[in-house]
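First comes the structure, then the notes that go with it.
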Amino acid sequence: MDEVHHWVGSNNGPDFYQVLKRNVEKTTKAGSRWVCTTNAYNPNEDSVAQIIHESAMVEQSYWLYDCTEGGIDVEQIRDPVHVKRALLEAYGDASWADIDGLTRTILYDRTTPDSTYLRFYFNTIAESSDGWMSKAEWDACFSEEDPITPGDQIAIGFDGSIRGDSTGIVGARLRDGRLFVIDVWERPENAPDDWEVDVLAVDAAVQRAFNTYRVEWFYGDPPWWQEALGRWSIEFNDRGTDYVFEFWTNKPTRMVQAVERFRTAVMVHDLSHEGDKRLTRHVLNAVTREVPQGLLIQKDSPRSKRKIDLAVCAVLALEARADAIADGRMQIRRRRVVGF
């Protein structure tokens, strides 16, 4: 079976694949085998290539999925050093490949989308044409002016994991929607199987944020961290005023609205950011998924190493900012001065 990244629902590719596979599996004792060759797939098409890659048969090592990817991110695709190095990595011992020619094409040919280069030249499951945010759109919101300072009124978005995905904390300044990364914990490359996020470090970072800034609203996605959110809610409650709230990102109606508001804010430059490479990488990694309520964001595939957790944090931070302002919390607090 060849080019199975093109075997999609619109051409009945998955159904055809199932017919072929069933007949092979029935006759394996007679020597029947099946082999697939493919380029990297578009994670929004549910192609046969994606079905195989995400199968538990691959995860349990019953099927061999042999793939060499060039190590490059979309923001590095105009860097000749990164491009050439990733091409050499992807093509391996394919001595017939014109690496210099391919490098020139990728650097200077603008008639081909970057996602196509990533998929067909670097063998990377890429940000597809259904990417949530383009680099140009995101970069247009970068600003070095008026940096975040201690004491600023901010809102916070928190998205946590324990082992697989990243755990992050992003702030949004109330008066102008400026985003900044408070902290992030990403699974290191070649981490041991028992690696986990340092829960105490996360707790300490939240404490520092409340001590450093005037946190007016905190939205956290509860899975894995419901106990911590409950504890922070109690700890940072101030004379009956709540500051920490749950925001379930798996509730599509609310999350669709939050994602749309964030994207609109980017389009009209109603937010800014510091150019943090980690936040930028996560935002550009996100792809859209259509649900009945609208568009959500997700990773390009469930097993992808291209994380989006800081993007989710940023969405929650901007929602927290909006709700804090609606609640009247952006008003400057006045101190009582007593004279003697």
Side-chain angles (χ1 to χ4, degrees), residues 1-74 77 86-87 89-94 96-97 102 105-106 109 111-132 164-165 250 252 256 285-308:
M1 293 179 277
D2 191 27
E3 302 283 356
V4 293
H5 56 286
H6 290 313
W7 294 27
V8 296
S10 60
N11 57 30
N12 295 319
D15 292 337
F16 184 50
Y17 158 72
Q18 290 295 336
V19 172
L20 295 176
K21 186 171 70 72
R22 282 198 305 269
N23 283 285
V24 170
E25 290 168 342
K26 291 174 183 177
T27 57
T28 53
K29 284 194 174 182
S32 298
R33 298 291 186 271
W34 61 267
V35 176
C36 289
T37 55
T38 184
N39 285 292
Y41 56 82
N42 180 337
N44 301 297
E45 292 182 335
D46 292 325
S47 65
V48 168
Q50 182 174 358
I51 292 169
I52 293 172
H53 182 221
E54 296 175 355
S55 170
M57 296 293 282
V58 172
E59 186 176 349
Q60 297 296 324
S61 300
Y62 294 119
W63 292 347
L64 171 64
Y65 188 96
D66 188 13
C67 173
T68 300
E69 298 183 17
I72 192 168
D73 291 323
V74 67
I77 207 167
L87 284 171
E89 184 180 3
Y91 279 86
D93 59 358
W96 60 87
L102 292 174
T105 297
I106 293 167
D109 181 8
T111 64
T112 301
D114 289 346
S115 59
T116 299
Y117 286 137
L118 290 169
R119 289 178 59 203
F120 292 91
Y121 290 72
F122 301 108
N123 208 28
T124 299
I125 300 169
E127 178 184 359
S128 69
S129 58
D130 293 325
W132 179 45
D165 288 329
N250 61 1
V256 160
N285 283 346
V287 300
T288 58
R289 175 169 66 91
E290 188 171 358
V291 296
Q293 295 84 352
L295 293 178
L296 295 172
I297 58 172
Q298 63 179 23
K299 295 192 297 182
D300 50 21
S301 74
R303 298 174 59 196
S304 175
K305 295 181 180 179
R306 296 162 61 83
K307 306 303 183 185
I308 69 165

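The figures here come from the full heavy-atom set of this structure, side chains too, leaving out hydrogens, waters and symmetry mates.
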*Say you draw a straight line from OG1 of Thr37 to CD of Glu3; how long is it, rounded to the nearest 0.5 Å?*
6.0 Å
*Could you check if a side-chain atom of Lys299 sits within less than 4.5 angstrom of a side-chain atom of Ile308, using non-hydrogen atoms only?*
yes
*At what distance, to the nearest 0.5 angstrom, does OG1 of Thr68 lie from OH of Tyr91?*
12.5 Å
Cut-off 3.5 Å, no hydrogens considered: what does the side-chain donor-acceptor table look like for residues 17-32, sequence neighbours left out?
{"residue": "Lys21", "atom": "NZ", "partner": "Glu25", "partner atom": "OE2", "Å": "3.2"}
{"residue": "Asn23", "atom": "ND2", "partner": "Val19", "partner atom": "O", "Å": "2.8"}
{"residue": "Thr27", "atom": "OG1", "partner": "Asn23", "partner atom": "O", "Å": "3.1"}
{"residue": "Thr27", "atom": "OG1", "partner": "Val24", "partner atom": "O", "Å": "3.3"}
{"residue": "Thr27", "atom": "OG1", "partner": "Ser32", "partner atom": "OG", "Å": "2.6"}
{"residue": "Ser32", "atom": "OG", "partner": "Thr27", "partner atom": "O", "Å": "3.2"}

*Would you indicate whether the side-chain heavy atoms of Val48 and Phe16 approach each other to under 4.5 Å?*
no
_Among His6, His53, Gln50, His5, which residue satisfies the side chain to side chain donor-acceptor pair (under 3.5 Å) criterion with Tyr41?_
His53
*Where do Leu295 and Trp132 land on the side-chain contact (heavy atoms from CB on, under 4.5 Å) test, with the steps shown first?*
CA-CA 9 Å; Leu295 293 178; Trp132 179 45; over 6 Å; no
*asked:* Rounded to the nearest 0.5 Å, what separates atom CG in Asp73 from atom CG in Asp114?
replied: 12.0 Å
*Find out whether Leu87 and Phe122 are in side-chain contact, i.e. whether some heavy atom of one side chain is under 4.5 Å from a heavy atom of the other.*
yes
*asked:* Using 0.5 Å steps for rounding, measure from the OG1 atom of Thr124 to the CD1 atom of Ile72.
replied: 8.0 Å
*Do you know which two heavy atoms are closest between Tyr117 and Asp109, and how far apart they sit?*
OH-O, 3.0 Å
*asked:* Can you give me the closest heavy-atom contact between Val4 and Ser47, atom names plus distance?
replied: O-CB, 3.8 Å
*How close do Ile52 and Cys36 get, heavy atom to heavy atom, and via which atoms?*
CD1-SG, 3.7 Å
*Working to the nearest 0.5 Å, report the span between CG of Asn123 and CG of Asn39.*
6.5 Å
*Minimum heavy-atom separation for Trp7 to Asp2, with atom names?*
NE1-O, 3.2 Å
Donor-acceptor pairs under 3.5 Å, side chain of residues 57-64 to any protein atom, not counting sequence neighbours: which ones?
none

